[in-house]
Every structure is written in structure tokens, then in C-alpha cells.
Amino acid sequence: MISIRELRKVYPTPTGDVVALDGVDIDVPTGRVAGVLGRSGAGKSTLLRCVSLLDRPTSGSVLVDGADLSGLSGADLLAARRRIGNVFQRFNLLDSRTVAGNVALPLELAGEPRSRRAARVDELLELVGLSDKKSSYPAQLSGGQQQRVGVARALAARPDLLLCDEATSALDPETTRSVLALLRRVNEELGVTIVLITHEMDVVTTVCDTAAILEKGTVAASGPVAELAATPGTMLSDGLFPQLGAADVAGDGRAVLDVSFLGDAADRPLLSEAIRATDGDVTILAGGVETVRGSRVGRLRVAVDTTAVSEATKVLRTGGARVEAVA
Amino acid sequence: MTGEGWDRWAPELWQATLETLAIVGIAGVVTVLLGLPLGVALSVTGPGGLTPSRTVSRVLGAVVDIGRSIPFIILMIAIVPFTRLVVGTTIGSSAAAVPLTVAAIPFFARLVEAALREVSPGVVDAGASMGASRRQLIVKVLVPEALPSIVAGLTVTVVAMIGYTAMAGAVGGGGLGELAVSYGYHRFETGVTWVTVAILVVVVKAVQTAGDLCARRLSHR
């Protein structure tokens, strides 16, 4: 279990303190893939540097299996950093080293003997599908291939945690998918816990089991991804489903409702039930149904006769949907 | 210079060329041995370096800049006692190598510092996140990544040193410079001057070409 507890990071500047992280709590159970979603400036990079132990938090702790890593220094700190693999947005491979040399670097730093390094490098390149590029230099590879090398390098020292910093943000959509598939495979086959820090919603809905939404240095919402997607108002849900104005229909004897449903509720004919129960008209204004990590998640904006609103709301809620009136 | 003159000058020119190469070679090796660590020290103690230290960086920077700003001809004379201490003499090629090295070290160190500063901070972060110690970061990440630029800097340094040996030669430092001044200038053998210049041009060109080739070979970008 990776636990981030009450993490605070304050940067003193000449014009006053800047609070980058203001008490962040995130739990990632061992073997899961967690996303941290946030816009730029939300504190993602700071969080990342604190968790990868490159920066020391002002207060709070980063616990891996109960051991607090955030206060370490000296050799203990270096050893703790080796337990956390990092995948970077810009890959950050060494131009001066071949693919094999890059993957071997963490092992070299850890003092692993040469013979064992070679075997481990072959194993990792096999895993990421780049065995034939062993002797190539990073500049000879495509972005997607470079990131695969980055993943192999991050896994070399058998870390407990793989930390991915916008790992796919520099890649095109297709390459993004293949790198995400690789990360998922790494998680499933090696059981490595992964934390993905990203501003891309798709990344979270594609590979993450749970997510935390970071806003202005605090966790605005967290939980299983499908649940977050079904919760109106979260960045995940608002990004996944179209945003609409309600003004054009409201006021002519109808009320506008936002209906969100998840899992079982998404599989039931809830709208039909509502129509039958109220004997009123229901007009769909907008909406969508998505499959997020195997669960169906839907969001509809509907207009209902004002007389039928309370009954319709009751029926929908009974069926497991979440209903909110739109002003 | 007649055919007869050429027979007379050729051995001396050859001898002087070897002397120049020897001076630059020895001074160059010592410059790398001392200038590289100094450049690394300047870089890692500078702002944004691995171990920023305002005091160390300022002291080193001041020493280096004073070294670089003293005209070579003055430096040569000013450090005569030091030269005598190191090589036991103040004339000849070994005496020329000492001020040459003293002048080249700060010059090269600044070029090394600039080369190291060009290494992407992301790559250094990557190394640090893998648990590299500071020494490992320098030896395994910073210097190898900056090596093509360091080699380019060394080429510039060596070319400048070749020019300085000629100046040292003018005040008894041996090599092509001494030949050009003592025969070409003082004895009006203009031909000798021209030939020395031609040799220097060829040597400089050769060094530059070799340096470029080396830097290109090392760069895998």
C-alpha cells in the first residue's frame, strides 16, 4: 500500500509563500493503478517530486508499506529512491547511452554485477518489445519506442511503485494507447503498483482503477474511476460528457434534470420506467454512455414536465441513478 | 628560400614543429586533468547545480576569471618563479608548457562548465530518481552526456594553445614561434616565417578536424 498523508509543500518566494500542495491524502492499494488527474498548476508536478523523493515535503509523509520515505536522507534516501521507478513525459533517456545502456543504468547505480545486468536488460527489452533495438541510441527511436525504453528502465531495479509523470502527453493518440496498454500489462503481469499523473482524462479512464482529482493543491475528489465519472461536477465527469446550456428549454413548463447512472443502473430501462410512472413526456437534451474500466457510466440531461418532476426523480433515484435539478 | 636554403631549414622546422606539438600535447593533457574537475566544480556549485554553494562558486569563479583575463604575455613573466619551481628552468619548451597550462585551465574549465549546463535537467532528475549519488550523477550522467560539447571545448582550447605557444616561442619558449622570431624576424629570413605560419595553419586545421570528428562520433543525438 502506498499512502500519501497530509502532504503539504510550500515554496517561499520573495512575494510570499506559495502553497503548491495543501494537505493531500491519497491511498493506492498494492498492485493497483491509480491516476492523479489535474490541470496544470494544480500541484501535480510538486506531488510527483515529493512522491519520487526528489523534493522534501514541507510536512506530511509518503508511506510505502507503512515505512515513511519522505524524511530519509543520505544512503537511506538513495536506496528508497531505487524502490520507486519513474517514467517521464520527455522520456529523459541518456543520449550518450544505447537502449541497453539506458535500461542498465539503474542496475549499475545499484552496484549490480555486469553479468546479472545483461540478463535483466534482455528480459526487460523483451517485455517492452524492443529486443531488436538493444544497440540503438535513443535519437534513432520514435517517441513511443523511447517511452518503452523509459518504462523498461524504470522497472529495471524491480521497484515497488512505478510513477508516471504525464508519460503519454508527448505522444500521439495511437502511441499513447500502446504505451498505456504496456503499463496495464506491466501492472497485471508484474503486479507493480502504478501511479499515473496526468491532465488527460482518457489516460485515467483507460488504465486507472482509482483516481484522485487534484485541484489547487488539494484532492477535490477520489475513488474508483467509474464512480468519479458518474459523479457530476468532477473534472472526470465533466470532461467525459458534453456540457450544455439549459436556458433554452427551462421555463416553458418543463424542468431540466441531470441524470447520472453507473453500473447496474446503466443497464436498466430507467427512463422508460420514469415515463411510465409519471405519464409525462421526457425529452433527452443531451447525454452519453461510456464504458469506463468495464463499468457503464451514463449521463443524460433531460427535460421533464414540471408537474412530473418529483415523481420522475423518485423513480430514477429508486433505480439507482443520481438526479440533480439544473437551475 | 632557395633549394639550398630549404635543405638547411627543413630539419630545424621539423624539430620546431615537434617541439610545438610536444608543448601543446603535455599542456593539453594537464589542462584536461585539472580543467575538467574545475569545470565540474564550477558547474555543480553554481546556481541550479547539484550542490549549489554561493561561496565556493564565487571563489572559484573569481580565480578562473582572473586567470582568463591576464594577457598571456604578462602571465608568462608573472609566473616565472612558479615555472622554475615546477620544471626547474624558465626557458625552452618545458618552461613554455607551464604558463600555457596555467592559461588554458581556466579557459577550458569555463567551457566544461557551459557544456555541463547544457545537459537537460530532466536527465539529471532521471538519474537522481534512480538513486544515483552525487558522484554517480557526475560520472555516469553529467559528464558522459556533455562529452561531445566537452570535446568541442577541448578542441577550441587546444587551437588557442597552439597560438599561445608561438607567443611563448617569441620569448624563448622553443617551438615554431621561436624559430619564426629568431630566424624569420631577426635575421630577415621571411621565407621561414611564412613556412612556420603555413605549418601552424595545417596543425590547427588538423586539430580542428580531428576534434570535430571526435565530437561527432561521441554525439548520438
Side-chain angles (χ1 to χ4, degrees), chain A residues 45 48-49 51-55 69 72 74-99 101-112 135-141 149-150 153-157 159 161-166 170, chain B residues 32 36 39-40 43-44 47-54 111-155 211-221:
Chain A
S45 305
L48 186 102
R49 289 187 67 85
V51 177
S52 64
L53 312 177
L54 288 174
D55 254 358
L69 304 184
L72 298 175
D76 292 338
L77 175 64
L78 298 187
R81 282 178 182 164
R82 289 190 193 121
R83 296 174 59 189
I84 300 171
N86 280 268
V87 179
F88 301 90
Q89 177 173 9
R90 296 269 157 215
F91 325 133
N92 294 351
L93 301 177
L94 275 67
D95 291 325
S96 57
R97 284 177 172 244
T98 60
V99 165
N102 268 287
V103 178
L105 183 59
L107 302 169
E108 243 175 273
L109 296 173
E112 195 100 345
S135 310
S136 303
Y137 283 91
Q140 297 166 311
L141 304 181
V149 177
R153 180 178 70 175
L155 291 170
L161 170 66
L162 194 62
L163 207 51
C164 304
D165 173 21
E166 299 277 7
Chain B
V32 171
L36 187 63
V40 169
S43 161
V44 299
L50 290 179
T51 44
S53 159
R54 190 173 289 210
L111 293 176
V112 169
E113 183 198 8
L116 292 174
R117 207 182 293 138
E118 290 301 305
V119 175
S120 132
V123 175
V124 181
D125 261 3
S129 75
M130 289 171 211
S133 64
R134 271 195 285 272
R135 204 186 61 82
Q136 286 177 320
L137 279 178
I138 292 168
V139 175
K140 299 218 176 253
V141 179
L142 273 176
V143 172
E145 285 291 286
L147 204 54
S149 312
I150 292 175
V151 168
L154 181 62
T155 309
D212 288 348
L213 198 73
C214 223
R216 213 174 317 132
R217 273 282 180 81
L218 287 169
S219 170
H220 299 288
R221 256 182 230 178

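Here is the naming used below: chain letters follow the sequence lines, and residue numbers restart at 1 for every chain.
Residue B/V124: no heavy atom, backbone or side chain, is found under 4.5 Å from chain A. Contact of A/L94 with chain B is made through backbone and side chain together, with heavy-atom distances under 4.5 Å. The contact between A/R82 and chain B is made by backbone and side chain atoms together, counting heavy-atom distances below 4.5 Å. Only the side chain of A/R153 has a heavy atom closer than 4.5 Å to any heavy atom of chain B. Of the two parts of A/L77, neither the backbone nor the side chain holds a non-hydrogen atom closer than 4.5 Å to a non-hydrogen atom of chain B.
Between the CG atom of A/D95 and the CZ atom of B/R221 there is a distance of 5.0 Å, given to the nearest 0.5 Å. With rounding to the nearest 0.5 Å, the separation of CD in B/E145 from CG in A/L93 is 9.5 Å. Rounding to the nearest 0.5 angstrom, the gap separating the OG atom in B/S120 from the CZ atom in A/F88 is 10.0 Å. A distance of 8.5 Å separates CE in B/M130 from CG in A/N92, rounded to the nearest 0.5 Å.
Using a 4.5 Å cut-off on side-chain heavy atoms (C-beta onward), A/R81 and B/S129 make no contact. Taking 4.5 Å as the limit, some side-chain heavy atom of B/K140 sits within range of a side-chain heavy atom of A/E108. The shortest distance between side-chain heavy atoms of B/S133 and A/L78 falls below 4.5 Å.
Shortest non-hydrogen contact noted between A/S96 and B/P144 is CB-O, 3.6 Å. The two residues A/R49 and B/D125 have their closest heavy-atom pair at NH1-OD2, 2.6 Å.
For the side chain to side chain donor-acceptor pair (under 3.5 Å) test, residues two or more places apart in sequence or in another chain that qualify with A/E112 are A/R116.
Here B/A126 is the residue among B/A126, B/P121, B/G127 with the most heavy-atom pairs under 4.5 Å with chain A.
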